[in-house]
2 protein chains.
Amino acid sequence: MEEQQPIPACMEKWDINWLLHRAAQRVGAAFADETAKFGVSPRGQLVLQALANDEGQRTQLKLGAMLGLDKTTLMSELDKLERAGLILRVPDPKDRRVRTPMITDKGRELQKQAGDALAEVERAFRDRFTREEMAVIRRALINLADGEAPVHGSCL
Amino acid sequence: MEEQQPIPACMEKWDINWLLHRAAQRVGAAFADETAKFGVSPRGQLVLQALANDEGQRTQLKLGAMLGLDKTTLMSELDKLERAGLILRVPDPKDRRVRTPMITDKGRELQKQAGDALAEVERAFRDRFTREEMAVIRRALINLADGEAPVHGSCL
DNA sequence: CGAAGAACGTCCGAGTCAAGATGTTCTGAT
DNA sequence: ATCAGAACATCTTGACTCGGACGTTCTTCG
């Protein structure tokens with residue numbers, strides 16, 4: 001990877017799209033550094049978090065749709081998490097097609113630790129702004145992020 | 001691609017990282033839809049825009065660093081643009097290693113049209129917010145996007 | 001019942017991305 | 001002048017993404 005220019009060098013053409021992607025890139029990198037210490041990807045942590053808060057009520061497809069992950073991408077992520085013993089795919093007695101992902105105790109443990117660490121990272125970002133600014137930012141991001149239509153490329 | 005859940009279904013765990021990525025995803029998709037009408041990717045448009053505003057003063061490496069693109073990714077993008085006759089790689093008489101990317105008249109033409117169309121799309125997003133909000137959002141994104149350290153994965 | 005269609009998880013293949021290696025050219029120090 | 005090292009563009013390689021196809025299972029309707 002090349003050394004990136006500090007941003008001020010090219011201020012003329014900053015459109016929302018580029019800014020958003022770049023910001024997501026940066027924040028994502030900070031998150032990735034943190035989750036790497038726990039041996040999971042940010043996506044893995046995201047999945048674990050969802051499973052921890054939402055007790056095995058979701059099929060793999062629903063889970064992927066909720067998190068904005070492609071089904072095959074979620075598959076390989078679940079494979080990794082399962083191999084690491086952090087989740088289990090539990091057959092649904094009611095519907096034999098379904099193999100509900102369930103977080104294990106080990107997974108819950110790790111998720112809690114990683115989640116706390118990430119909260120710290122996130123707080124560092126939040127502290128760059130006032131409370132009022134954060135409220136605006138949050139509302140704006142939710143506004144932009146929300147929407148019914150499925151999205152093409154994920155990169156989550 | 002699966003139908004995505006409307007966002008409100010899972011509000012508990014929205015961290016900045018996820019919101020940013022999702023927002024970037026959505027806005028990026030809107031931009032991609034628009035640029036597709038002109039036969040280029042958003043990334044292609046980004047490169048053209050940079051070249052149009054910055055008259056062939058950058059090597060490929062510098063250009064990639066400025067835009068946050070990996071050198072190999074930029075390479076293949078330049079290949080496409082060159083094949084489409086939108087740019088040229090001009091040998092630098094001063095330094096035979098360098099093949100400076102230059103936008104062609106055709107490229108400039110297309111960039112202008114696509115740029116106008118994208119400005120329209122962007123305005124639609126801006127109109128969701130007040131002027132004061134936009135100022136906050138813009139400052140916040142610049143704050144987050146800025147930074148010296150190179151970033152791992154691009155996805156731009 | 002039985003058949004048609006939908007939903008689930010999985011697999012496959014084309015396309016994309018980026019780290020590292022390579023060959024050429026430039027620069028700076030001896 | 002020459003040699004070592006850096007910079008540039010390119011190529012190679014391995015991993016990842018994602019749309020689409022597949023087999024199984026469920027549901028609905030005749």
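Note: hydrogens, waters and symmetry copies are ignored here, and every other heavy atom, side chains too, is used. Each chain gets a letter, A, B and so on, in the order its sequence line appears, and its residues count up from 1.
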Margin query: Quick check against the 3.5 Å criterion: does B/R128 have a side-chain atom that pairs as donor or acceptor with the backbone of A/N143?
Written below: yes
Margin query: Whole angstroms only, please: what is the NZ-C1' distance between A/K62 and C/dG9?
Written below: 13 Å
Checklist line | Side-chain donor/acceptor contact of A/R97 with base of C/dA7 under 3.5 Å | finding: yes
Notebook entry, point to check: Looking at residues at least two apart in the chain, or sitting in another chain, which of them share a side-chain hydrogen bond (donor to acceptor under 3.5 Å, both in side chains) with A/D92?
Noted result: none
Check: Roughly how many Å is it from CG in A/L63 to C1' in C/dC8, rounded to a whole number?
Finding: 14 Å
Item checked: Distance test, side-chain N/O of A/T73 to OP1/OP2 of D/dT17, below 4.0 Å -> no
Next item on the list: Mind listing the residues from residues 79-89 of chain A sitting with a heavy atom below 4.0 Å of DNA chain C? Number order is fine.
Entry: A/R89
Check: Just by modelled atom types, is the B/A140 backbone N or O under 3.5 Å from a matching donor or acceptor in the A/E133 side chain?
Finding: no
Margin query: Is B/R43 close enough to C/dC17 that one of its side-chain N or O atoms is under 4.0 Å from OP1 or OP2 there?
Written below: yes
Next item on the list: Check the distance between D/dA9's C1' and B/L74's CG and give it to me in whole angstrom.
Entry: 11 Å
Margin query: Looking at A/K71 and D/dG20, is any side-chain donor or acceptor paired with a base atom of the opposite kind under 3.5 Å?
Written below: yes
Note to self: Going by salt bridge (charged side-chain N to carboxylate O under 4.0 Å, His left out), name the residues that satisfy it together with A/K112, two or more places apart in sequence or in a different chain.
What the structure shows: A/D116
Margin query: Just verifying a value: how many Å separate B/M75 CE and B/E82 CD, rounded to the nearest 0.5 Å?
Written below: 10.5 Å
Note to self: In this structure, how many angstroms lie between the C1' atom of C/dA19 and the CE atom of B/M75, rounded?
What the structure shows: 14 Å
Notebook entry, point to check: To the side chain of A/R96, which of C/dC17, C/dT25, D/dC26 is closest?
Noted result: D/dC26
Item checked: In one Ile/Leu/Val/Met/Phe/Trp/Tyr side-chain cluster, 4.5 Å: A/V121, B/I16 -> yes
Next item on the list: Could you tell me whether B/D15 and A/R126 have a side-chain N and a carboxylate O separated by less than 4.0 Å?
Entry: no
Next item on the list: Write down the distance between CD (B/Q60) and C1' (D/dA7), rounded to a whole number of angstrom.
Entry: 13 Å
Check: Considering only D/dA9, D/dC26, D/dC18, which nucleotide approaches the side chain of A/D70 most closely?
Finding: D/dC18
Check: To the nearest angstrom, how far is B/Q25 atom CD from D/dT17 atom P?
Finding: 13 Å
Check: Whole-Å distance between C/dG9 C1' and A/E77 CD?
Finding: 17 Å
Next item on the list: Could you state whether A/L19 and B/V136 fall into the same hydrophobic cluster, counting links through intermediate Ile, Leu, Val, Met, Phe, Trp or Tyr residues with side-chain heavy atoms under 4.5 angstrom apart?
Entry: yes
Notebook entry, point to check: Starting at CG of B/D95 and ending at C1' of C/dC26, how long is that distance when rounded to a whole Å?
Noted result: 6 Å
Item checked: Divergence of helical axes at both termini of the helix from C/dC1-D/dG30 to C/dT30-D/dA1 - five pairs an end, 10° steps -> 10°
Next item on the list: Could you list the residues that satisfy side-chain hydrogen bond (donor to acceptor under 3.5 Å, both in side chains) with B/D127, not counting sequence neighbours?
Entry: B/R123
Check: What pairs with A/D105 under salt bridge (charged side-chain N to carboxylate O under 4.0 Å, His left out), at least two apart in sequence or on another chain?
Finding: none
Check: Taking for each residue the nucleotide of DNA chain C with the nearest heavy atom, is it B/K94 or A/L78 whose nucleotide lies nearer the 5' end?
Finding: A/L78
Checklist line | Position toward the 5' end of DNA chain D (nearest nucleotide), A/T72 or A/P93 | finding: A/T72
